[in-house]
Number of protein chains: 2
Amino acid sequence: MTEDARAAARERVIESMEQSAEVYGLSRSAGRIYGVLYFAARPRSIPELVEETGYAKSTVSNVTRTLTRIGLIHRRSSEGGGRRVRFEAEPEIWFVLQDVFRQYVQRELQATLRDVQRAEDRLPNDGSRERERIRRLTETYEDLQEIVQLASSYSASELREALESYEP
Amino acid sequence: MTEDARAAARERVIESMEQSAEVYGLSRSAGRIYGVLYFAARPRSIPELVEETGYAKSTVSNVTRTLTRIGLIHRRSSEGGGRRVRFEAEPEIWFVLQDVFRQYVQRELQATLRDVQRAEDRLPNDGSRERERIRRLTETYEDLQEIVQLASSYSASELREALESYEP
DNA sequence: CCGTTTGTTCGGTTCTACCCGAACAAGCGA
DNA sequence: TCGCTTGTTCGGGTAGAACCGAACAAACGG
């Protein structure tokens, strides 16, 4: 009976994770698989995830790979010596966000900043509109890069504290 | 000849914007149309954008609508009295990011926080794993919401300053 | 009032991503 | 060794998005 309540609460949160997943550019299956692992008391193998999510084995295999690459879940391969692979969820969402900032957002910002700076260098410093626009872009992207760099080096509570205590 | 250089630089940056666009979940056409408007000295109508981008009229119509909704470009409908609609780019990218934070990220965070808190309220405060996991989620999302809230209320340079001057 | 220009909407095509089932590879135990 | 379980990879079906052309709506100029 209280188990029913727990299952219902779990299911609600997992459905919310499914929705969040597609907002963040992942598939719904990724949201559900992460959710199941997030609440699981012990790591799960692929057949267990197939059983608990209803997805096909191949889907679970592919999704677990991408989730592992992102850092949302971890492979615990060595356990009991079997070939069996076990996955568990990374419980600290902020760690995952830090990784995403560093691995993807930073990289993307850096790439565009590089392109824009290259364009700026090739353009003679006339007072043209192109020059002025490109100049503004580089300034903005330099700010953004620094912001993301610093933000990803703090914990969530530190970051919150930094913003709350700031007086312009 | 210097016009060639300017056109080349413009084209480079616009191509970079195309790439960024699809990273941010928009289409390549959206990146190009924003880019053309970003460098344009005066607002452009839809036929002009068709001419300068090579996209079909219907595509330009649809893309300009979504870009307007996001706030990346603005409609200047009243001009010379004609039915002609004119678009111009929002040059301050940070303003757009602030809007996105407030309109989409905040809303998304709020929705999940609401779902999670609702699940938490329905669950009796036993020491169960579900309870503990859901508790951790709400704490993280409360932090995230506050962070995004504050970050979107500062200018880019203020935000950078806030992070640079913070001492844990 | 009619032709022209502008903008939106609709149906169709193409392309991509998700997911599935089936085949395959790899190890374990009898 | 053979069967059984686990995990990956491959081909295909399906749904959704991007883009196009054509039809339609709305306003202005003659």
Side-chain angles (χ1 to χ4, degrees), chain A residues 14-15 17-37 40 42-70 72-88, chain B residues 14-15 17-37 40 42-70 72-88:
Chain A
I14 290 178
E15 281 170 9
M17 287 177 174
E18 285 180 330
Q19 192 164 347
S20 298
E22 55 185 5
V23 172
Y24 302 151
L26 297 173
S27 57
R28 293 184 67 85
S29 54
R32 172 154 297 266
I33 289 176
Y34 174 80
V36 168
L37 291 176
R42 56 177 176 73
R44 294 290 148 101
S45 68
I46 288 189
E48 289 169 335
L49 288 173
V50 168
E51 169 65 25
E52 294 180 62
T53 65
Y55 285 108
K57 201 173 41 159
S58 55
T59 302
V60 174
S61 176
N62 288 320
V63 170
T64 49
R65 182 174 41 218
T66 71
L67 288 181
T68 302
R69 180 160 41 82
I70 299 176
L72 268 165
I73 66 178
H74 303 287
R75 280 182 83 121
R76 300 273 174 251
S77 39
S78 59
E79 162 77 26
R83 170 170 163 73
R84 216 173 180 145
V85 176
R86 291 157 198 282
F87 296 95
E88 66 182 2
Chain B
I14 290 178
E15 280 170 10
M17 286 177 174
E18 284 180 332
Q19 193 165 346
S20 297
E22 55 185 6
V23 172
Y24 302 151
L26 297 174
S27 57
R28 292 184 67 84
S29 55
R32 173 154 294 266
I33 289 176
Y34 175 79
V36 168
L37 291 176
R42 58 177 175 73
R44 295 290 148 100
S45 68
I46 287 188
E48 289 169 335
L49 287 173
V50 169
E51 168 65 25
E52 294 180 62
T53 64
Y55 285 108
K57 202 173 42 160
S58 55
T59 303
V60 174
S61 177
N62 288 321
V63 171
T64 49
R65 182 174 41 219
T66 72
L67 287 181
T68 302
R69 180 161 39 81
I70 298 175
L72 269 165
I73 66 178
H74 303 288
R75 281 182 82 124
R76 300 274 173 251
S77 39
S78 59
E79 163 77 25
R83 171 170 161 73
R84 218 175 177 141
V85 176
R86 291 157 198 281
F87 297 95
E88 64 183 3

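Below, chains carry the letters A, B, ... as their sequence lines are ordered, and counting in each starts from 1.
- In this model, a side-chain donor or acceptor of S58(B) finds a partner on the base of dG21(D) within 3.5 Å.
- Protein atom CD1 of I46(A) is 12 Å distant from nucleotide atom C1' of dT9(D), rounded to whole Å.
- E22(B) places its CD atom 16 Å from the P atom of dC15(C), with the value rounded to the nearest Å.
- The number of heavy-atom neighbours closer than 6.0 Å to CD of E51(B), taken from other residues, nucleotides and ligands shown, is 12 or below.
- More than 12 heavy atoms of other residues, nucleotides or ligands shown are found within 6.0 angstrom of CD on E15(B).
- Between dC20(D) and T59(B), a contact under 4.0 Å exists linking OP1 or OP2 to a side-chain N or O.
- Across V50(A), V60(A), I73(A), L37(A), a single residue satisfies side chain to side chain contact (heavy atoms under 4.5 Å, CB included) together with R44(A), and that is L37(A).
- Shortest non-hydrogen contact noted between R28(A) and Y55(A) is C-OH, 4.3 Å.
- Distance I33(A) CD1 to dG7(D) C1': 14 Å, rounded to the nearest Å.
- Of the two residues near DNA chain C, P47(B) and L26(A), the one whose nearest nucleotide lies more 5' is P47(B).
- Put simply, OH on Y55(A) is 18 Å from P on dT8(D), counting in whole angstrom units.
- Annotation for E48(A): atom CD counts as buried by contact number, over 12 foreign heavy atoms lying within 6.0 Å.
- Residue K57(A) contributes atom NZ, which lies 14 Å from atom P of dA25(C) at whole-angstrom precision.
- The phosphate of dG7(C) (OP1 or OP2) has no side-chain N or O of R65(B) nearer than 4.0 angstrom.
- Phosphate contact (OP1/OP2 of dC19(C), side-chain N/O of S29(A), threshold under 4.0 Å): present.
- A straight line from CG of N62(B) to C1' of dG11(C) spans 13 Å, rounded to a whole angstrom.
- Regarding E51(B), its CD atom lies at a distance of 15 Å from the P atom of dT5(C), rounded to whole Å.
- Residue contacts shown for S61(B) include a base, since a base heavy atom lies under 4.0 Å away.
- Here dT6(D) presents its C1' atom at 11 Å from CZ of F87(A), a figure rounded to the nearest Å.
- Under 4.0 angstrom from either OP1 or OP2 of dC19(C) there lies no side-chain N or O belonging to R28(A).
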